[in-house]
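Here's the structure we're looking at; comments come further down.
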Amino acid sequence: MQTCWIVYNGSLTDEKFIDQALLLQEAANKQEIQATLVKNYELLMDVQHGLHEKPDFVVFLDKDILLAKFLKNEGIPVFNDPDVIEICDNKARQYMALANAHIPMPRTIIAPKVYANFTIQHTGFYEQVLQTIHLPMIIKEAHGSFGMKVYLIETKKQFFDKVEELNGKEYVFQEYIESSRGRDIRVNVVGGQVVACMYRHSETDFRANITNGGTASPIILTERQKEVAILAAQVLNAEFAGVDLLFGEDEEPLVCEVNGVAHIRNLYNVTGINVGDAMISYILSKVGAVVI
Ligand SMILES: Nc1ncnc2c1ncn2[C@@H]1O[C@H](COP(=O)(O)OP(=O)(O)OP(=O)(O)O)[C@@H](O)[C@H]1O
Ligand SMILES: [Mg+2]
């Protein structure tokens with residue numbers, strides 16, 4: 001019997017993280033894989049001595065990129081690949097890659113590095129940003145999930161307060177897609193195929209994330225929405241991807257972001273599809289079945 005580890009973050013106490021791991025475990029068990037849930041800190045990254053015990057593969061449900069790289073370095077196939085998790089975990093880096101491939105997305109400017117406790121106000125830099133991307137705009141930290149590090153900036157005061165607050169952090173300035181206010185689509189792509197999707201909608205917040213009070217419902221994608229989601233995943237080499245699409249003018253899809261470690265519980269609740277099934281099938285097609 002093949003074995004796998006489903007690695008998640010043991011420091012996050014919200015039950016959605018363990019729940020996510022359980023969905024994957026259920027999918028693996030269905031395909032006769034012996035799947036063990038492993039908290040990231042349960043694997044000792046003993047750099048000289050390595051691991052004593054190794055599974056046939058790892059499904060990595062966390063952003064502990066060093067651990068993902070350590071496991072790969074131990075010769076274990078890790079899904080998603082640690083490099084993919086890393087690039088997706090940095091929105092500035094992923095936007096550069098998406099823009100290089102001409103993926104439709106909101107106009108985006110990456111903030112320069114400003115050290116904490118220093119400032120570049122009065123240099124004219126921010127005025128240039130304000131002239132290029134007008135208010136209201138989005139400011140988005142490079143690392144963040146559940147919409148928690150995404151800000152709608154409507155006034156100059158909010159803008160200057162936020163940029164000062166973010167000194168020392170990586171973030172981007174982004175065009176606000178007003179036509180998508182409070183709504184987006186989450187598309188889950190596995191191995192270049194759309195496996196499940198949902199429409200997310202909020203009446204109370206510009207962000208559609210369910211964690212922010214949004215509600216999810218089923219949706220049938222247009223061919224263009226499918227195409228853009230698949231292309232975005234492909235550009236980032238993301239074998240598994242949760243692609244968020246915004247609605248541009250005339251409803252044309254714009255990529256909001258690509259998640260390299262996408263949550264699958266809400267999709268399961270809305271569509272009845274356990275994306276884990278497709279993830280495990282895909283991994284088995286890559287690592288091969290056991291020959292007894
Ligand atoms: N440029 C934009 N214009 C309009 N709305 C946006 C824009 N960027 C983000 N949003 C809204 O904010 C939400 C959160 O943004 P984003 O998906 O980039 O951040 P996140 O915190 O990484 O989310 P996730 O929980 O999906 O990882 C989006 O789902 C969307 O509704
Ligand atoms: Mg998102």
Side-chain angles (χ1 to χ4, degrees), residues 9 12 14 16-17 20 61-63 80 84-95 98-99 103-111 129 132-154 159 162 166 169-189 196-217 219 225 228-229 232-233 236 238 240-249 251-267 270 275:
N9 196 293
L12 299 172
D14 194 307
K16 67 185 165 208
F17 296 100
Q20 162 95 338
L61 300 181
D62 188 38
K63 295 176 180 174
N80 266 329
V84 172
I85 298 176
E86 188 171 35
I87 191 166
C88 290
D89 186 41
N90 187 325
K91 291 195 171 78
R93 287 191 58 195
Q94 65 158 278
Y95 287 137
L98 292 171
I103 301 292
M105 56 183 253
R107 178 109 188 234
T108 303
I109 293 175
I110 297 172
V129 171
T132 313
I133 300 178
H134 302 279
L135 293 174
M137 75 165 77
I138 296 286
I139 287 185
K140 204 180 276 196
E141 295 187 36
H143 306 281
S145 290
F146 309 113
M148 285 182 310
K149 305 283 174 74
V150 180
Y151 315 101
L152 176 61
I153 305 294
E154 291 172 297
F159 177 87
K162 188 53 80 184
L166 292 182
K169 291 190 175 156
E170 290 177 329
Y171 69 97
V172 302
F173 306 95
Q174 190 167 73
E175 176 191 359
Y176 174 50
I177 307 301
E178 173 70 50
S179 46
S180 202
R181 184 181 182 90
R183 61 194 188 115
D184 72 1
I185 301 177
R186 165 58 61 89
V187 186
N188 219 292
V189 178
C197 60
M198 62 183 169
Y199 175 68
R200 302 186 297 188
H201 178 233
S202 173
E203 288 292 338
T204 52
D205 198 288
F206 75 95
R207 294 161 297 190
N209 303 68
I210 294 163
T211 311
N212 281 305
T215 50
S217 48
I219 188 173
Q225 286 164 338
V228 170
L236 298 172
F240 309 151
V243 183
D244 290 344
L245 297 177
L246 299 170
F247 297 87
E249 272 175 41
E251 303 289 278
E252 90 276 5
L254 300 172
V255 174
C256 175
E257 63 148 351
V258 179
N259 293 277
V261 185
H263 279 255
I264 59 174
R265 163 54 74 176
N266 289 327
L267 265 176
V270 171
V275 175

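In listed order, ligands and their atoms are each counted from 1.
Remark: Glu251 pairs with Arg183 by the side-chain hydrogen bond (donor to acceptor under 3.5 Å, both in side chains) rule, at least two apart or across chains. With sequence neighbours excluded, the residues forming a side chain to side chain contact (heavy atoms under 4.5 Å, CB included) with Ile109 are Thr132, Ile133, Phe173, listed by chain and number.
Listed by number with element, the atoms of ligand 1 under 4.0 angstrom from any heavy atom of Lys140 are 8 (N), 9 (C), 18 (O). Residue contact check: Lys91 has heavy atoms under 4.0 Å from atoms 18 (O), 19 (O), 20 (P), 22 (O) of ligand 1. Near Ala208, meaning under 4.0 Å from one of its heavy atoms, ligand 1 places the atoms 31 (O). Listed by number with element, the atoms of ligand 1 under 4.0 angstrom from any heavy atom of Arg200 are 29 (O). Within ligand 1, the atoms closer than 4.0 Å to a non-hydrogen atom of Phe206 are 31 (O), numbered from 1 in the order shown. Numbered from 1 in the order shown, with element, the atoms of ligand 1 that lie under 4.0 Å from a heavy atom of Asp244 read 17 (O), 26 (O). Residue Arg186 approaches ligand 1 through these ligand atoms, each under 4.0 Å from one of its heavy atoms: 26 (O).
Contact check for Ile138 versus Val150: side-chain heavy atoms found under the 4.5 Å cut-off. The closest side-chain heavy-atom distance from Ile264 to Gln20 is below 4.5 Å. Between Met198 and Asn266 the shortest side-chain heavy-atom distance falls below 4.5 Å. Counting only heavy atoms from C-beta outward, the side chains of Phe159 and Val129 approach each other to under 4.5 Å. By the 4.5 Å heavy-atom criterion applied to side chains, Thr215 and Ile210 are not counted as neighbours. In this structure, Asp89 and Glu86 have side chains that are not in contact, with every pair of non-hydrogen atoms separated by 4.5 Å or more. The closest side-chain heavy-atom distance from Leu152 to Tyr176 is below 4.5 Å. Using a 4.5 Å heavy-atom threshold, the side chains of Met148 and Asn209 count as separate.
The heavy atom nearest to atom 30 (C) of ligand 1, considering only Leu246, Val243, Asp205, Asp89, is found in Leu246. Summarising the contacts of atom 4 (C) of ligand 1 with Phe247, Phe146, Tyr176, the nearest heavy atom is found in Tyr176.
Closest to atom 29 (O) of ligand 1, if we only count protein heavy atoms, is Asp184 OD2, 2.5 Å. Here the protein heavy atom with the shortest distance to atom 15 (O) of ligand 1 is Val150 CG2, 3.6 Å. The protein heavy atom nearest to atom 12 (O) of ligand 1 is Arg207 CG, 3.2 Å. Looking from atom 21 (O) of ligand 1 to the surrounding protein, the closest heavy atom is Gly147 N, 2.5 Å. At the shortest separation from atom 10 (N) of ligand 1 among protein heavy atoms lies Cys256 SG, 4.1 Å. Here the protein heavy atom with the shortest distance to atom 13 (C) of ligand 1 is Asn209 OD1, 3.1 Å. For atom 26 (O) of ligand 1, the closest heavy atom belonging to the protein is Glu257 OE2, 2.7 Å. In this structure, atom 1 (N) of ligand 1 lies nearest to the protein heavy atom Glu175 O, 2.9 Å.
For the Mg ion (ligand 2), protein N/O/S neighbours under 2.8 Å (waters excluded) are Asp244 OD2, Glu257 OE2.
The closest approach between a heavy atom of Gly144 and any atom of ligand 1 is below 4.0 Å.
The shortest N or O to N or O distance between Ile177 and ligand 1 is under 3.5 Å. Backbone and side-chain nitrogen or oxygen atoms of Ile138 are examined, and none is located within less than 3.5 angstrom of a nitrogen or oxygen of ligand 1. Note: no N/O pair closer than 3.5 Å links Tyr95 and ligand 1 by distance alone.
Under 3.5 Å, the side chains of Lys63 and Ser145 contain a donor-acceptor pair of N or O atoms.
Of the inter-residue distances, the one linking Gln174 atom CD with Glu257 atom CD reads 9.5 Å to the nearest 0.5 angstrom. Here the straight-line distance linking atom CD of Glu141 with atom OH of Tyr151 works out to 3.5 Å at 0.5 Å rounding. Atom CD1 of Ile110 sits about 8.0 Å away from atom CG of Asn90, to the nearest 0.5 Å. Atom CD1 of Ile85 and atom CG of Leu236 lie 12.5 Å apart (nearest 0.5 Å).
For the salt bridge (charged side-chain N to carboxylate O under 4.0 Å, His left out) condition, the pairs that include at least one residue of residues 196-206, sequence neighbours left out, are Asp184-Arg200, Arg200-Asp244, Asp205-Arg207.
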